[in-house]
J.: 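Before I ask anything, here is the structure I am working with.
Side chains included, hydrogens not; waters and symmetry mates left out as well; all remaining heavy atoms used. Computed from a prediction, not measured in an experiment: that's the story for all the values here.
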Amino acid sequence: MTSTDKPAAQIASEDWWRTDIIDMQPGVIRYRGYPVQELIAGGVGLAQMIWLMTRGELPTPAQARLLDAALMAAVDHGPQAPSIAIARMAATCGVGLNNAMASAVNVLGDVHGGAGEQAVRLYRDIAARIDAGAAAADATGAALDDFVAGHGKFISGFGHRFHPVDPRSAPLLALVDAAAARGEVPGRFARIARGVEDVLAARKGGRRIPMNIDGATAVVYAELGFAPELARGLFCLSRSVGILAHAWEQTQQGGRNKGPMPRSFIPTYSGHAPRSVPRQD
Ligand SMILES: CC(C)(COP(=O)(O)OP(=O)(O)OC[C@H]1O[C@@H](n2cnc3c(N)ncnc32)[C@H](O)[C@@H]1OP(=O)(O)O)[C@@H](O)C(=O)NCCC(=O)NCCS
């Protein structure tokens, strides 16, 4: 039946879920027009597939390598990271792996994991100010002032609770630098992010607040042209790998109702001293 033969109600129903992403009919699966058989046979990997699904085209090999590196670098940060701890605790509550994963992904917010989205926004803001004629240092200072006014004093993508220097940032930036030297990415956002570090250090009397994993992956995502919102989504995909591994490991280790610390340690009570309930009559 051609579309012109179809009743209006059928056309309206089929258009209800209009999508450019997948063409799925009995015996047919095409992503963005590419038959799944060819994608499989052609060795298209997960990072390339993520790009194809979110951006509409296959990435170049150079783009795919950078995206893969950013996704790989952020998979896990151990049970010190709230998302991982939550996955492990949830896994002991009698829920399935999917529930444990969903609980963990749910806490990837502005401060933990979602900082990359804000960092991409910040870098883009600085780029826009430079494009409008501001000198790089002035653009960075003004963008940081606006960021602090909107979000508070912590600049997303910089600083780390544990690492004086985040060991993931420099290698990621080195990959971006090398790609920029080959003309594969602009290199502009790496310069901008380093400029943020410099301005922050100047404001802290010379004390550096180094770029963290979210700041560094934000450089990669900005260089690759991902929208800020997708930076958070990509982090969720990446961290889901660690979340799954930890939820599975905890499942195998066993345990029931695992709390945030051993039960021999009781959380400090800081409330009112013991007292009697007043008579209610
Ligand atoms: C991760 C984070 C919570 C660690 O904060 P912290 O434990 O207070 O860090 P430190 O104790 O090392 O802070 C030392 C100083 O640097 C400042 N600082 C730390 N991170 C900063 C940031 N991102 N922007 C501005 N100043 C920052 C602190 O305010 C503090 O300054 P002070 O001594 O004048 O009060 C913090 O850096 C932060 O919120 N970063 C932004 C969010 C982010 O990127 N999260 C992802 C982490 S992987």
J.: Begin from the C-alpha positions of Phe189 and Val220 and carry the test side chain to side chain contact (heavy atoms under 4.5 Å, CB included) through to its verdict.
T.: CA-CA 8 Å; Phe189 293 99; Val220 174; over 6 Å; no

J.: So, does Glu229 use its side chain to make a donor-acceptor pair with the main chain of Gly233 at under 3.5 Å?
T.: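 It does not hold such a pair.
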
J.: Closer than 3.5 angstrom, by distance alone: can the side chain of Gln63 be matched with the main-chain N or O of Leu224 as a donor-acceptor pair?
T.: no

J.: Set out, in order, the CA-CA distance, both residues' side-chain angles and the distance that settles side chain to side chain contact (heavy atoms under 4.5 Å, CB included) for Val277 and Gln280, then state yes or no.
T.: CA-CA 8 Å; Val277 177; Gln280 301 297 308; 3.8 Å; yes

J.: Hey, could you give me the CZ/CG distance between Arg182 and Asp177, rounded to the nearest 0.5 Å?
T.: 10.5 Å

J.: Quick one about Gln10 and Ser13 (side-chain donor to acceptor, distance below 3.5 Å, no hydrogens or angles considered), yes or no?
T.: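 The answer is no; no qualifying pair exists.
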
J.: Transitively linked via ILVMFWY side-chain contacts under 4.5 Å: Leu234 with Met101?
T.: no

J.: With salt bridge (Lys or Arg N to Asp or Glu O under 4.0 Å) as the test, would you mind laying out the steps for Asp198 and Arg194 before giving the verdict?
T.: CA-CA 6 Å; Asp198 292 341; Arg194 288 181 171 119; over 6 Å; no

J.: Which heavy atom of Arg124 sits nearest to which heavy atom of Gly225, and what is that distance?
T.: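 Closest pair (atom of Arg124, atom of Gly225, distance): NH2-O, 4.1 Å.
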
J.: With sequence neighbours left out, which residue pairs that include part of residues 85-99 fulfil the salt bridge (Lys or Arg N to Asp or Glu O under 4.0 Å) condition?
T.: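 Sorted result for residues 85-99: Arg88-Glu249.
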
J.: Rounded to the nearest 0.5 Å, how far does CG of Leu67 lie from CH2 of Trp51?
T.: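 Answer rounded to 0.5 Å: 6.5 Å.
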
J.: Determine, using the 4.5 Å side-chain heavy-atom cutoff (strictly less than), whether Val148 and Leu122 are members of one ILVMFWY cluster.
T.: yes

J.: Test your reading of the model: is there a side-chain donor-acceptor pair from Gln250 to the backbone of Ala87, 3.5 Å cut-off?
T.: no

J.: To the nearest 0.5 Å, tell me how far Leu71 CG sits from Leu237 CG.
T.: 7.0 Å

J.: Which heavy atom in Leu172 sits nearest to a heavy atom in Ala216, and how many Å separate them?
T.: CD1-CB, 4.0 Å

J.: Kindly state each residue pair satisfying side-chain hydrogen bond (donor to acceptor under 3.5 Å, both in side chains) with at least one member in residues 92-120, sequence neighbours excluded.
T.: Ser83-His112, Asp110-Gln118, Asp110-Arg232, Glu117-Arg121, Glu117-Arg232, Gln118-Ser156

J.: Locate the shortest heavy-atom distance separating Ala70 from Ser238; write the atom from each residue and the value.
T.: O-OG, 4.4 Å

J.: Quick one: hydrophobic cluster around Val241, which other residues, with the 4.5 Å side-chain cut-off, linked directly or via members?
T.: Val75

J.: If you group Ile, Leu, Val, Met, Phe, Trp and Tyr whenever their side-chain heavy atoms sit less than 4.5 Å apart, what else falls in with Phe265?
T.: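 Taking Ile, Leu, Val, Met, Phe, Trp and Tyr as members, Phe265 shares its hydrophobic cluster with Met261.
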
J.: Is the shortest heavy-atom distance from the side chain of Asp76 to the side chain of His246 under 4.5 Å?
T.: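 Yes, at least one pair of side-chain atoms sits under 4.5 Å.
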
J.: Any salt bridge (Lys or Arg N to Asp or Glu O under 4.0 Å) pairs touching residues 54-74, not counting sequence neighbours?
T.: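 Qualifying pairs: none.
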
J.: Going by the rule side chain to side chain donor-acceptor pair (under 3.5 Å), which residues pair with Arg207 if we only count those two or more places apart in sequence or in a different chain?
T.: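 Arg207 satisfies side chain to side chain donor-acceptor pair (under 3.5 Å) with no other residue.
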
J.: Any chance you could measure Asn257, atom CG, to Arg263, atom CZ, to the nearest 0.5 Å?
T.: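 CZ of Arg263 is found 10.0 Å from CG of Asn257.
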
J.: Side-chain heavy atoms under 4.5 Å apart, restricted to Ile/Leu/Val/Met/Phe/Trp/Tyr: what other residues fall into the cluster of Val28, or is it alone?
T.: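 Once heavy-atom contacts under 4.5 Å are chained together, Val28 still belongs with nothing else.
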
J.: Tell me who clusters with Ile22, hydrophobic residues only, linked when side chains sit under 4.5 Å apart either directly or through other members.
T.: Ile21, Met24, Ile29, Tyr31, Tyr34, Val36, Leu39, Ile40, Val44, Met49, Leu52, Met53, Leu58

J.: Can you name the side chain to side chain contact (heavy atoms under 4.5 Å, CB included) partners of Asp15, sequence neighbours left out?
T.: Ile11, Arg18

J.: When you look at CG of Asp131, are more than 12 heavy atoms from neighbouring residues, nucleotides or ligands closer to it than 6.0 Å?
T.: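 Yes, enclosed.
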
J.: Measuring from Ile50:CD1 to Thr54:OG1, what's the distance to the nearest 0.5 Å?
T.: 7.5 Å

J.: Shared ILVMFWY cluster between Phe147 and Tyr221, side chains joined below 4.5 angstrom?
T.: yes

J.: Minimum heavy-atom separation for Gly187 and Ala180, please, with both atom names.
T.: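 Gly187 and Ala180 have their closest heavy atoms at CA-CB, 3.7 Å.
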
J.: Is there a chain of hydrophobic side chains (I, L, V, M, F, W, Y, each step under 4.5 Å between heavy atoms) that links Val219 to Leu66?
T.: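 Yes, Val219 and Leu66 fall within the same hydrophobic cluster.
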
J.: Which heavy atom of Ala218 sits nearest to which heavy atom of Tyr123, and what is that distance?
T.: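 Closest heavy-atom pair between Ala218 and Tyr123: CB-CE1, 3.6 Å.
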
J.: Do Lys6 and Glu14 sit within salt-bridge range, that is, some charged N less than 4.0 Å from a carboxylate O?
T.: yes

J.: Tell me which donor-acceptor pairs under 3.5 Å the side chains of residues 136-145 have, and how far apart each pair is, sequence neighbours excluded?
T.:
{"from": "Thr140", "atom 1": "OG1", "to": "Ala136", "atom 2": "O", "distance (Å)": "2.7"}
{"from": "Asp145", "atom 1": "OD1", "to": "Arg203", "atom 2": "NH1", "distance (Å)": "3.1"}
{"from": "Asp145", "atom 1": "OD1", "to": "Arg203", "atom 2": "NH2", "distance (Å)": "2.9"}

J.: Show your reasoning for whether side chain to side chain contact (heavy atoms under 4.5 Å, CB included) applies to Val105 and Arg239.
T.: CA-CA 8 Å; Val105 170; Arg239 183 51 62 89; over 6 Å; no

J.: Going by heavy atoms in the side chains, are Val120 and Phe226 under 4.5 Å from each other?
T.: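 With C-beta onward as the side chain, the pair stays apart.
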
J.: Mind listing the side-chain donor-acceptor pairs of residues 158-171 below 3.5 Å, one per line with the distance, residues two or more places apart or on another chain?
T.:
{"from": "His160", "atom 1": "ND1", "to": "Phe162", "atom 2": "N", "distance (Å)": "3.1"}
{"from": "His160", "atom 1": "ND1", "to": "His163", "atom 2": "N", "distance (Å)": "3.4"}
{"from": "His163", "atom 1": "NE2", "to": "His77", "atom 2": "NE2", "distance (Å)": "2.7"}
{"from": "Asp166", "atom 1": "OD1", "to": "Arg168", "atom 2": "N", "distance (Å)": "3.0"}
{"from": "Asp166", "atom 1": "OD1", "to": "Arg168", "atom 2": "NE", "distance (Å)": "2.8"}
{"from": "Asp166", "atom 1": "OD2", "to": "Arg168", "atom 2": "NH2", "distance (Å)": "2.9"}
{"from": "Asp166", "atom 1": "OD2", "to": "Ile213", "atom 2": "N", "distance (Å)": "2.9"}
{"from": "Ser169", "atom 1": "OG", "to": "Met211", "atom 2": "O", "distance (Å)": "2.7"}
{"from": "Ser169", "atom 1": "OG", "to": "Asn212", "atom 2": "O", "distance (Å)": "3.4"}

J.: Does Val95 belong to the same Ile/Leu/Val/Met/Phe/Trp/Tyr cluster as Leu97, with side-chain heavy atoms less than 4.5 Å apart forming each link?
T.: no

J.: Restricting to non-hydrogen atoms, name the atom on Ala190 and the atom on Glu223 that form the minimum distance, rounded to 0.1 Å.
T.: N-OE2, 3.0 Å

J.: Determine which pairs satisfy salt bridge (Lys or Arg N to Asp or Glu O under 4.0 Å) with at least one residue from residues 94-109, sequence neighbours left out, and list them in order.
T.: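 Sorted pair list comes back empty.
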
J.: Atom CG in Leu108, atom OG in Ser240: separation rounded to 0.5 Å?
T.: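 The distance works out to 7.5 Å.
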
J.: Counting C-beta onward and ignoring hydrogens, is there a side-chain heavy-atom pair between Arg129 and Asp146 closer than 4.5 Å?
T.: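 With C-beta onward as the side chain, the pair touches.
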
